[in-house]
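A short worksheet on the structure shown next.
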Amino acid sequence: MGPESASARERREAAVRAAVRDGLVDARHPVAGLLDVRGIREAVAALRAAFEEVAAPGTEVLHAFAVKAASLVPVLRLLADEGMGCEVASPGELALARAAGVGPGRTVLDSPAKTDAELREALALGVAVNADSRQELARLDALVRSAPTASVLGVRVNPQLGPGSIGAMSTATETSKFGVALRDEGARAWLVRAFVERPWLTRMHAHVGSQGCPPELMAEGVRTTYELAEEVNRAVGEQRVRTLDIGGGLPVNFASEEVTPSFRDYARLLDVTVPALFDGRYGLVTEFGRSLLAKSGTVLARVEYAKSAGGRRIAVTHAGAQVAARTVFAPAAWPLRVAAFDAEGRPKEGEPVPQDVAGPCCFAGDLVAVDRPLPLLEPGDHVALLDTGAYYFSNHFAYNSLPRPGVYGYASAEGRTEDFPEGHGERGGPGERGGPGERGGRRFGPDVRFVPVRRPQSLDELVEESGGTLAPGLTALR
Ligand SMILES: *Cc1c(COP(=O)(O)O)cnc(C)c1O
């Protein structure tokens with residue numbers, strides 16, 4: 001473990017302790033998300049440095065964060081503060097990027113199912129668009145004819161390189177639903193012609209896959225994309241394709257504190273695999289999500305009960321499928337480290353005992369870890385699901401009407417200590433007296449300072465979201 005990862009762990013443990021002490025996690029809010037602000041800033045700095053090290057001076061690089069990995073406005077604003085843009089894939093994600101103040105020139109719209117209205121809005125705003133299919137390109141033809149646009153327009157290609165280890169995360173298979181399948185009969189020639197005939201088509205995009213795809217496969221996809229761009233530019237007789245969007249997908253090590261592969265490893269691999277990529281002729285766009293945030297997030301939950309069944313120890317906690325759907329439903333693909341803390345939020349000592357870590361949902365498979373050796377968990381203890389900063393806070397599963405938990409950013413209180421601007425993210429609804437959301441960004445204790453990123457969903461909000469104000473509706477029909 002390097003010194004940096006050790007300090008990330010120290011920061012996390014201090015935050016857990018402070019979160020318990022200050023009641024961010026308590027009987028009324030038995031689960032919460034914690035985000036390490038310094039860890040996030042360091043991850044973005046590492047990404048930028050990695051590309052600066054290999055790219056010719058003056059190369060324009062837009063690092064666009066894949067919003068689906070953490071669809072939280074304050075997170076997008078923090079990333080923008082570090083120089084990032086946003087990659088969005090729905091009207092909702094575009095609205096979040098705009099709410100975070102990310103400008104259209106720093107926003108990229110990808111999605112295999114963009115409607116006419118979405119495309120029109122993107123072009124009116126000047127948001128970059130990567131067309132996913134021939135039919136979408138035909139829609140862009142009509143829109144570009146009807147009104148001028150500042151949008152950079154491109155096409156997503158599927159290099160059809162095959163899968164990584166997780167099928168659902170592999171976007172460059174033979175039969176993937178994404179992009180123009182490059183190896184299909186006639187596709188390459190069609191695509192080159194499409195660029196030749198459209199002076200406004202200036203970007204080539206590929207995103208080969210996410211978690212489970214080896215970096216070598218991703219780099220191969222970038223090579224294919226680069227070579228296609230070169231072919232287009234030769235056919236046009238000038239540089240028609242000006243930017244390459246190389247997607248995201250760098251895998252995360254969920255097994256230890258170690259950050260492997262690093263952004264530097266990947267940038268160097270790209271430099272070796274596609275040396276001309278960085279010679280300064282092409283502007284570059286990246287779309288990383290998981291690798292930027294995973295290591296900086298923790299789901300912290302109370303242990304409600306500890307029981308045993310058929311000789312198996314089971315800790316019943318408040319972190320289950322509602323916050324960790326992928327881990328619960330596909331545990332082999334999405335294992336998580338679980339750390340044990342005591343009732344005061346201190347790392348729990350004791351002989352590891354194999355036990356199941358169960359969630360609160362009413363189905364038997366709601367387990368985030370099975371037979372996991374951990375100090376024996378007792379009621380009132382806490383468990384932390386580690387490396388959950390990406391996807392786990394943004395893909396809540398509403399099973400059993402469990403509310404979305406609050407999310408809090410943390411930093412050492414030695415940093416800025418002034419209060420967070422009033423009204424920022426706080427709202428004390430009924431049943432939220434003294435709730436964590438009301439504490440704003442004031443210092444909670446001597447060592448760690450929290451700011452709310454998302455308030456815990458209240459029961460009133462949950463009822464409303466579930467048709468509460470429409471209660472009599474169905475009874476009016478016979
Ligand atoms: C999901 C996605 C990303 C981000 O993938 P990560 O594995 O989170 O880095 C980037 N680009 C596109 C098109 C995506 O769908």
Side-chain angles (χ1 to χ4, degrees), residues 40 43-44 46-47 50-51 62-72 75-76 79 84-90 92-94 96-97 106-114 118 122 127-133 136 154-159 163-173 176-180 203-215 217-219 221-222 225 243-254 259-263 265-267 270 284-297 326 333-334 387-395:
I40 295 171
V44 182
L47 170 62
F51 277 73
L62 170 63
H63 295 294
F65 175 71
V67 169
K68 71 176 180 287
S71 42
L72 297 165
V75 172
L76 305 181
L79 294 170
M84 293 200 72
C86 283
E87 185 262 355
V88 300
S90 70
E93 289 183 356
L94 176 56
L96 298 182
R106 305 189 62 73
T107 304
V108 179
L109 174 63
D110 296 326
S111 148
K114 306 175 198 83
E118 279 175 76
V127 165
V129 175
N130 290 316
D132 189 82
S133 64
E136 190 184 329
V155 175
R156 177 170 182 171
V157 299
N158 169 11
S165 64
I166 307 175
M169 296 291 110
S170 304
T171 47
T173 57
S176 163
K177 74 174 178 182
F178 291 106
V180 174
R203 176 172 289 173
M204 199 78 81
H205 172 227
H207 168 70
V208 162
S210 290
Q211 190 68 18
C213 285
L217 184 76
M218 294 163 51
V222 175
T225 312
T243 49
L244 300 175
D245 181 340
I246 65 171
L250 194 67
V252 166
N253 168 20
F254 285 99
V259 177
T260 49
S262 66
F263 288 120
D265 295 336
Y266 184 50
L270 286 174
L284 299 172
V285 179
T286 73
E287 304 173 341
F288 295 102
R290 183 175 289 105
S291 49
L292 279 161
L293 282 200
K295 289 285 176 196
S296 295
R326 277 182 172 155
W334 301 101
D387 309 323
T388 46
Y391 294 92
Y392 288 85
F393 299 164
S394 54
N395 297 287

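Position 1 is the first residue of the sequence, and the numbers go up from there. Both ligands and their constituent atoms are indexed starting at 1 by order of listing. Every heavy atom of this structure was used, including side-chain atoms; hydrogens, water molecules and symmetry mates were not.
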Legend entry - NE2-CE distance between His207 and Met218, expressed to the nearest 0.5 angstrom: 8.0 Å

Legend entry - CZ on Phe178 to OG1 on Thr173, rounded to 0.5 Å: 10.0 Å

Inset, instruction - For Glu287, check side chain to side chain donor-acceptor pair (under 3.5 Å) against everything at least two apart and list the hits. - result: His205

Inset, instruction - Let me see the working for Trp334 and Ile166 under side-chain contact (heavy atoms from CB on, under 4.5 Å), right down to the final yes or no. - result: CA-CA 9 Å; Trp334 301 101; Ile166 307 175; 4.0 Å; yes

Inset, instruction - Please list, chain by chain and in numerical order, all residues satisfying salt bridge (Lys or Arg N to Asp or Glu O under 4.0 Å) with Glu118, sequence neighbours excluded. - result: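 Partners of Glu118 under the salt bridge (Lys or Arg N to Asp or Glu O under 4.0 Å) test: none.
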
Inset, instruction - For Asp132, check salt bridge (Lys or Arg N to Asp or Glu O under 4.0 Å) against everything at least two apart and list the hits. - result: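 Salt bridge (Lys or Arg N to Asp or Glu O under 4.0 Å) list for Asp132, sorted by chain: empty.
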
Legend entry - Those protein residues which place at least one heavy atom below 4.0 Å from ligand 1: Ala66, Lys68, Glu87, Asp110, Arg156, His207, Ser210, Gly248, Gly249, Glu287, Phe288, Gly289, Arg290, Tyr391

